[in-house]
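Remember, predicted model here, so these are calculated numbers, not experimental data.
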Amino acid sequence: MKHTNLYLLLIALISAMGGLLFGYDWVVIGGAKPFYEQYFSIAGSPRLQGLAMSTALIGCLVGALTAGRLSDRYGRKPLLLAAALLFFCTSWATGSATTFWGFNLFRFTGGIAIGMASSLSPMYIAEIAPAPVRGRLVAVNQLTTVLGILCAQVVNWLIAEPVPLDATGEMIAASWNGQMGWRWMFWAMMIPAGLFFLLGWLIPESPRWLIVHGKDIKAQTVLVRLGGESYAAQEIMRVQSTMNSSVQATFREVFKPKYSRVLIIGIVLAVFQQWCGTNVIFNYAQEIFMAAGYGVSDVLMNIVITGITNVVFTIVAMFLVDKLGRKVLLLSGAFGLAFIYLLLGGAYFLHVSGVAMVVIVVLAIACYAMTLAPVMWVVVSEIFPNKIRGVAMSVATFSLWAACTILTYTFPLLNSGLGAAGTFWLYGGICVAGGIFVLFCVPETKGKSLEEIEKELVKE
């Protein structure tokens with residue numbers, strides 16, 4: 001059997017478009033921020049500025065919490081299609097907003113789509129992928145996510161017209177950027193969202209979901225096309241060996257003691273992936289680079305450099321995750337980032353500026369993109385049992401977005417109270433703690449079927 005057949009790759013790429021939209025929608029607001037703030041006259045209100053930046057994150061919490069339960073009931077495919085349609089509609093609506101509160105409502109709704117896609121896409125890929133290539137294929141979703149981030153950074157850069165250094169808020173509000181430019185940044189997402197919705201009809205339902213719901217014949221058809229007759233029979237037998245009479249998981253079921261180990265691992269890894277601190281470099285890139293002595297035009301170029309680094313090292317991770325294993329990469333990321341943050345904090349403390357700061361920041365992003373960013377999604381999509389996978393993924397993804405919200409909100413406070421040096425040293429300490437957790441609590445899942453992982457981690 002040839003696991004890496006074209007059909008399997010096509011399914012993974014289409015479903016991973018949820019990651020592309022997740023990455024784009026998450027980052028696009030950063031480029032639009034200087035312009036919609038002037039349009040809506042909120043540039044002088046930190047409270048309203050914070051609200052505009054956080055409404056999508058609140059929507060992410062709702063989307064993550066509901067996607068799993070709904071996908072367990074109705075299937076993975078219908079929910080992926082619903083997320084695609086939601087991305088399409090909210091990208092148009094957000095760009096068309098004429099009031100600040102309408103803008104926030106549409107950002108919140110778009111956040112629901114982000115929460116759904118961030119939970120569903122890696123879970124779906126994990127369920128259709130054979131064990132030998134599962135890590136690589138789940139990492140495809142992280143690759144499309146960082147490509148989405150890079151696309152948003154490049155699109156923002158290309159759409160925005162040059163802004164004079166002496167431009168006032170009134171000048172920006174009256175300019176093309178302030179009236180239409182920021183709208184096109186959101187409207188541009190309609191193209192990949194529409195493509196995802198159309199192509200999404202081509203992918204099959206998850207064979208594991210079909211088996212759990214008693215649709216073995218349909219599951220067999222999918223599995224035969226993925227790997228042949230013997231592979232299909234083997235996979236159906238494996239899934240059935242972990243089934244019981246109940247197929248509708250609930251949140252109460254997920255929190256039963258027998259699932260406590262996998263749930264703790266999933267939640268801690270999701271929170272750690274955010275609290276390791278690297279994502280603040282994307283959310284607050286302008287502030288970080290300006291604090292290192294760069295002007296506005298240089299900052300835009302440096303942001304694109306970080307985006308390219310993110311993509312390149314995510315590709316590296318795709319080749320390593322099924323060779324070196326998940327645990328090795330998680331440990332490398334945790335302790336590697338701790339060391340890099342020690343250097344970054346020291347650079348800020350000693351007032352180092354210029355190229356040296358860019359190099360250290362790029363090292364941090366490279367380390368994160370090659371380890372914690374993709375591998376967390378791989379492990380979390382693997383460890384949950386078939387019966388509770390949808391709901392448990394919702395809990396883990398909800399935890400991730402809650403951690404992301406806290407991270408985004410607290411960075412300016414920490415930066416003000418501890419300084420840039422102290423803030424990154426704090427993140428370094430969190431990385432050490434996370435590395436210790438991985439060392440003693442996270443199992444290696446490389447090369448194991450989802451059912452083998454379930455039998456190892458869940459004790460009846």
Rounded to the nearest 0.5 Å, what's the gap from [atom1] on [X] to [atom2] on [Y]? Could you check?
X: I114; Y: R107; atom1: CD1; atom2: CZ; value: 6.0 Å
X: F106; Y: T90; atom1: CZ; atom2: OG1; value: 9.5 Å
X: I42; Y: L48; atom1: CD1; atom2: CG; value: 6.0 Å
X: L80; Y: M116; atom1: CG; atom2: CE; value: 8.0 Å
X: C431; Y: L342; atom1: SG; atom2: CG; value: 11.5 Å
X: L195; Y: L199; atom1: CG; atom2: CG; value: 4.5 Å

Quick one, [X] and [Y] - any side-chain contact, counting heavy atoms below 4.5 Å?
X: T109; Y: L86; result: yes
X: Y427; Y: L407; result: yes
X: Q153; Y: L150; result: yes
X: Y124; Y: S71; result: no
X: L57; Y: C404; result: yes
X: C367; Y: F335; result: no
X: F313; Y: T309; result: yes
X: S91; Y: D25; result: no

Please find the pair of heavy atoms, one from [X] and one from [Y], that lie closest to each other, and give the distance.
X: I58; Y: F108; result: CG2-CE1, 3.9 Å
X: W377; Y: S118; result: CZ3-O, 3.1 Å
X: A369; Y: P374; result: O-CD, 3.1 Å
X: V395; Y: I267; result: CG1-CD1, 3.9 Å
X: L210; Y: V222; result: CD1-CG2, 4.5 Å
X: Y348; Y: A421; result: CB-N, 3.9 Å

If the test is side chain to side chain contact (heavy atoms under 4.5 Å, CB included), which one of F196, F87, F197 qualifies with M17?
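The side chain to side chain contact (heavy atoms under 4.5 Å, CB included) with M17 is passed solely by F196 among F196, F87, F197.
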Atom [atom1] of [X]: over 12 foreign heavy atoms under 6.0 Å:
X: Y7; atom1: OH; value: yes
X: I191; atom1: CD1; value: no
X: F437; atom1: CZ; value: yes

Donor-acceptor pair, [X] side chain versus [Y] backbone, under 3.5 Å?
X: S394; Y: A64; value: yes
X: S15; Y: A12; value: yes
X: N104; Y: F100; value: yes
X: T99; Y: G102; value: yes
X: T144; Y: N141; value: yes
X: K77; Y: S206; value: no
X: S381; Y: A126; value: no
X: W92; Y: M190; value: no
X: E444; Y: K327; value: yes
X: K446; Y: R326; value: no

E127 and side chain to side chain donor-acceptor pair (under 3.5 Å): which partner among R389, R134, R208?
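When R389, R134, R208 are each tested with E127, the side chain to side chain donor-acceptor pair (under 3.5 Å) holds only for R389.
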Is E382 salt-bridged to K448, going by a charged N under 4.0 Å from an acidic O?
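No, no charged N to carboxylate O under 4.0 Å.
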Is the centre of the [X] ring less than 6.0 Å from the centre of the [Y] ring?
X: F103; Y: Y36; result: yes
X: F40; Y: W182; result: yes
X: W401; Y: F22; result: yes

Set out, in order, the CA-CA distance, both residues' side-chain angles and the distance that settles side chain to side chain contact (heavy atoms under 4.5 Å, CB included) for M370 and T314, then state yes or no.
CA-CA 5 Å; M370 192 170 61; T314 300; over 6 Å; no
Where do L330 and T371 land on the side chain to side chain contact (heavy atoms under 4.5 Å, CB included) test, with the steps shown first?
CA-CA 6 Å; L330 287 173; T371 57; over 6 Å; no
Is the terminal nitrogen or CZ of R183 (NZ for Lys, CZ for Arg) located under 6.0 angstrom from the six-membered ring centre of Y39 and within 45° of that ring's axis?
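Satisfied, under 6.0 Å and within 45°.
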Residue pair V28, V155: steps toward the side chain to side chain contact (heavy atoms under 4.5 Å, CB included) verdict:
CA-CA 8 Å; V28 66; V155 167; over 6 Å; no
By salt bridge (Lys or Arg N to Asp or Glu O under 4.0 Å) - contacts of E205 (at least two apart):
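Per chain and number, E205 pairs via salt bridge (Lys or Arg N to Asp or Glu O under 4.0 Å) with no residue.
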